[in-house]
Amino acid sequence: MALALDSPVSALSGVGPARARELAAKGVASVEDLLYYLPFRYEDRTRFVSIGDLQPGEVACVRGEVKVAQLVRLRGRPGGLFHLVIADSTGLLYAKWFHSPYLQRVFRHGQSVVLYGKVEADAHRPGQLQMIQPQHEVLSGTREDSTEAGRIVPIYEAAGGVSSRVLRRLVYEALARLEPRLPDPLPEALRCEHNLPERRAALAETHFPPKDVDLDRLAAFRTPAQERLIYEEFFFLQLGLALRRRNARRLPGYGFEITDAVRESIKKILPFHPTEAQKHVLKEIAGDLQKPTPMNRLLQGDVGSGKTIVAFEAAVIAMESGAQVALMAPTEILATQHYLQALHRFARTPYRIGLLVSELPAREKKQTRADLAGGDLDLVVGTHALLEKDVAFHRLGLVIVDEQHRFGVLQRLELIRKGREGVNPHVLVMTATPIPRTLALALYSDLEMSVLDELPPGRTPIETRWVREPAAAGVWEFIRKQVAADRQAYIVYPVIDESKQELKAATKEFERLSREVFQKLRVGLLHGRLKGKEKEAVMREFAAGKIQVLVATSVVEVGVDVPNATVMVIEHAERFGLSQLHQLRGRIGRGRHASTCVLMTPNEVGEEARERLETLVATQDGFKIAELDLKLRGPGEFVGTRQHGYVGLRIANLLRDAEWLERAKHDAFEHVAAQPPGFEATVEYLRQLWRRRYRLADVA
Ligand code: ADP
Ligand code: MG
C-alpha cells in the first residue's frame with residue numbers, strides 16, 4: 001500500500017509500539033519525519049574485494065559463501081562467541097562476534113553473504129585474516145535491493161534502540177512505498193535559480209546515493225541532492241524569522257523623544273566616560289527608539305565590554321517619555337545585581353524601580369505586580385517571573401533581555417506580548433557570549449545588530465594558568481596575598497544541576513576551605529538553592545568587600561560584576577564547557593588591578609578537556625572561543641533550551657554550510673517582501689513544519 005508523508009511510522013514493517021516510541025523520542029513520528037532523518041556519513045560498499053586480495057588494516061566489503069557458522073560457549077562470556085567462516089574462489093575469511101547468540105538463527109551453511117569491516121591478521125594463526133564484529137547481510141538470490149552492500153550505505157545516528165541498520169531498512173521501505181506524486185514545498189523559482197533537484201529525488205539520493213556519485217562531494221555534503229536539502233532546511237528557518245520580523249513591524253510602537261531633559265538624565269547616571277563603542281551603540285539604539293516602529297536589536301559584546309550601562313541609558317530614554325521598562329535576566333542572582341546597580345545608578349533620578357523574582361515573598365510580589373499594572377513603577381528588573389500570566393504593565397515601552405543566549409529563542413517574544421493592546425514595546429536583547437557570525441545569522445536574523453567591540457580603558461589582560469590539584473597550596477597562598485593587598489577572590493566549584501548530591505560537595509569544599517585553608521579570612525558561600533534574601537545578602541557583602549573569598553557554584557557565571565575581585569579559581573575546570581569557562585573568567589579583569597584566573601584540574605584530563613583548557617590559556621578573545629566551542633560541541637547546545645524555540649538542524653551545518661545559509665537568508669527575506677504567487681501555501685507549509693519540528697504554537 002502506498003504511504004503518504006503523514007502516514008505514521010508504524011505503517012512500516014517491523015515498527016511496533018516499542019520502536020515507534022523510540023523513534024518518536026527522536027522527533028520521528030511520520031514518514032515525512034523519517035525521510036528527513038538524514039545520514040550523517042556514508043560508507044562505500046560498492047566494490048567487493050576478493051578475499052585473496054585483502055590487506056590487514058583495510059576496511060573492505062567482501063562477498064562469499066558460508067562454510068562454518070557456529071556459536072562457541074565461553075566461560076565468563078555469557079553471550080558466547082559466534083564464529084563465521086566464508087569463502088570465495090580466492091580464499092577464506094574468518095569473522096567473530098561477541099554477545100550475539102541470535103546470529104545462530106541468521107547464518108546457515110551455503111548462504112551467500114556480505115561482510116563489511118576492518119580486516120585484521122589473526123595474532124594466533126599466522127596468515128589467517130579475520131573481521132571482528134563486521135557489518136553483515138545475508139543475500140537472498142541476486143537481491144537488487146540490498147540496503148547493506150553493493151552500494152554506498154548511509155549511516156544514521158541510532159534512534160535509541162533503533163540502530164542505523166534498522167533505520168536504513170525503514171527509510172528504504174518508506175522511499176519505495178511513498179505515493180508517486182509528492183508536492184515540493186520549496187518555491188519552484190528558487191529551486192531553479194539555484195539549480196537544485198526536486199524534493200523526491202533529493203531525498204532518495206541523499207539516503208541512497210547512486211553508485212556513480214562523486215564520493216568526495218558526497219562526503220563533503222556537496223552533492224546536488226544534499227545541497228537541495230541543506231538549502232531547504234535553511235530556507236524554512238529563515239522564512240520563519242523573516243515573517244516574525246515583518247509581523248513585529250506591523251504593529252505601531254512608541255516613538256520616544258530625545259530632549260535635553262533626556263540628555264541631562266543620562267549624564268546623571270553615567271559614572272564614567274563611555275567608550276567610543278558605547279557611544280556608537282547608544283546612537284544606534286536612540287535612533288531606533290525615536291521611530292514609531294518597534295526596535296528589535298541585538299547588542300553583542302564580550303564579557304566586561306560594558307553592556308549594562310548602555311541598557312540603563314536606553315531605559316532612561318523610555319522612562320523620560322513616560323513609558324515603563326522591563327529588564328529580564330536569566331538568573332535570580334544577576335537580576336538582583338542589576339536591581340541593586342539600578343538603585344545605585346538611578347539614585348539621583350526620580351524613577352521608581354522594582355524587583356520581581358520568583359523567590360520573593362508572595363506579598364512583595366503581589367505589591368510589585370500591582371505597582372506595575374498601576375503605573376507606579378518605571379523600571380522592573382526580574383527573571384522568568386516577569387513572563388508569568390498575572391504580570392501586566394501599565395505602559396510597557398521597552399523590553400531589555402540580558403544574556404539572551406540563556407533563554408529560548410522564543411521567550412523574548414512572550415514579553416513583547418505584554419505591551420499594550422495594539423502597541424509593541426521596543427526590544428533590546430543583549431548577549432555576552434559573542435555569537436559566531438554564522439550562528440547569529442541563523443538565529444537572530446529577525447534582529448538588527450549592534451556590537452560593542454572595545455573594552456573600557458585601563459583593563460589589564462587576565463593571566464590564565466592551568467594548575468594541577470597537587471599544586472593547590474600555592475594557589476591558596478596566592479589568594480591570601482591578594483586579599484592582604486585588599487583584593488577579593490572567587491572559587492568556583494562545579495555544580496551543574498544544583499541537586500542535593502552536588503551541592504553537598506560544594507558545601508563541603510566551602511567548609512574545608514574556610515576551616516583549614518582560609519581560617520583568617522572572611523569566606524562566603526553562594527549557590528542557587530539559597531533563599532532570595534540570603535543570596536542578596538551574600539552578594540551585597542561580597543560587592544562591599546566584606547566577604548573576601550566567595551566560594552560559589554556556577555551561578556556566578558553570568559553578569560556578576562565586582563571589579564575589586566581579581567582572582568578566579570575554577571575547580572575541576574575540566575568539567576566545564578569552553579564558553580562557560582570564558583564567562584566565569586569574565587567575572588574578573590573588570591577593574592584597574594591585574595587579574596589572575598586559575599584553572600584547576602586533576603593530573604589527568606581527557607583530550608577534549610585539554611583542548612578547551614589550552615585554548616583558554618592561550619586566548620581571551622571571546623569570538624575565537626565561541627567559534628571553537630561551536631566546532632567542539634555543535635550548534636545544538638549553543639541554542640540551549642529544547643522546549644522553547646529550540647532550533648535543531650537535521651542536515652544543514654552552520655559552519656560547513658555558511659554560504660547556503662546566506663543564500664537562504666537573502667531569498668527568504670526577499671520572498672516575504674515580494675510575496676510571489678504561491679506565497680500563502682509556502683507559509684502554510686512553514687507553519688506546519690515549525691509546529692511539528694520545533695513544537696512552536698505559531699511562527700510569529
Ligand atoms: P558586560 O558587558 O559584561 O555586561 P558590564 O556592563 O557589567 O559588562 O561592565 C563591566 C564593568 O566595566 C563594570 O564594572 C562597569 O561599571 C565597567 N564599565 C563599563 N563601561 C565603562 C566605561 N566606559 N569606563 C569605565 N568602566 C566601565
Ligand atoms: Mg552583563
Side-chain angles (χ1 to χ4, degrees), residues 248-270 274 281-297 299 307-329 335 338-339 341-356 365-382 385-388 390-402 412-430 448 450:
R249 288 179 168 195
R250 265 192 188 157
L251 285 170
Y254 300 101
F256 298 135
E257 274 185 76
I258 307 223
T259 57
D260 285 341
V262 172
R263 289 191 198 94
E264 274 309 302
S265 293
I266 287 183
K267 265 195 210 129
K268 263 190 219 157
I269 67 160
L270 275 179
V281 164
L282 181 66
K283 205 177 269 172
E284 289 176 333
I285 293 172
D288 286 355
L289 292 178
Q290 286 169 281
K291 290 185 202 134
T293 40
M295 168 171 80
N296 251 311
R297 192 170 279 280
L299 172 53
K307 293 180 292 296
T308 317
I309 197 72
V310 176
F312 285 172
E313 289 173 314
V316 167
I317 297 175
M319 294 190 290
E320 277 295 319
S321 288
Q324 288 174 307
V325 179
L327 169 55
M328 184 163 82
H338 280 332
Y339 171 67
Q341 273 188 4
L343 287 179
H344 181 62
R345 292 268 170 268
F346 293 117
R348 289 164 51 210
T349 69
Y351 312 128
R352 296 154 300 179
I353 300 165
L355 174 69
L356 194 61
K365 279 194 279 190
K366 202 170 154 206
Q367 184 61 47
T368 305
R369 283 196 298 262
D371 290 347
L372 274 179
D376 297 319
L377 279 179
D378 302 300
L379 169 65
V380 65
V381 184
L386 288 171
L387 300 175
E388 278 161 24
D390 50 4
V391 177
F393 291 81
H394 177 63
R395 190 168 184 254
L396 181 60
L398 171 64
V399 169
I400 303 170
V401 183
D402 196 14
R412 70 186 139 95
L413 296 173
E414 290 174 44
L415 251 184
I416 300 174
R417 301 226 165 86
K418 300 207 177 269
R420 240 192 212 172
E421 212 46 47
V423 192
N424 261 14
H426 296 284
V427 177
L428 176 66
V429 306
M430 311 200 288
E448 311 290 336
S450 288

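Note that this is a predicted model, so its numbers are computed, not measured. Just so it is clear, the values below take in all heavy atoms, side chains as well, and ignore hydrogens, waters and symmetry mates.
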| message | Checking E284 now: which residues fulfil side chain to side chain donor-acceptor pair (under 3.5 Å) with it, not counting sequence neighbours? | response | H280, S450
| said: According to side chain to side chain donor-acceptor pair (under 3.5 Å), who are the partners of Q367, at least two apart in sequence or on a separate chain? | reply: D371
Indicate the atoms forming the closest heavy-atom contact of [X] with [Y], along with that distance.
X: L289; Y: L398; value: CD2-CD1, 4.3 Å
X: A342; Y: I353; value: O-CD1, 3.7 Å
X: F393; Y: A326; value: CZ-CB, 3.9 Å

| field | Polar side-chain atom of H394 near backbone of D376 as donor-acceptor pair, under 3.5 Å | value | no
| Short question: side chain of D378, backbone of R352 - any donor-acceptor pair under 3.5 Å? | yes
| request: Run through L282, I285, V281 and flag the one making a side chain to side chain contact (heavy atoms under 4.5 Å, CB included) with E313. | output: L282
| field | Atom pair CD (Q324) and CG (L377), whose distance is rounded to the nearest 0.5 Å | value | 7.5 Å
Contacts under 3.5 angstrom, residues 255-263 side chains, donor-acceptor by atom type, not counting sequence neighbours:
from	atom 1	to	atom 2	distance (Å)
T259	OG1	A261	N	3.4
T259	OG1	V262	N	3.3
D260	OD1	R263	NH1	2.8

| Residues which pass ring-ring contact (aromatic ring centres under 6.0 Å, His included) with F346, listed by chain and number, not counting sequence neighbours | F312, Y351
| query | Which residue pairs pass the side-chain hydrogen bond (donor to acceptor under 3.5 Å, both in side chains) test with at least one member in residues 285-294, sequence neighbours excluded? | reply | D288-R297
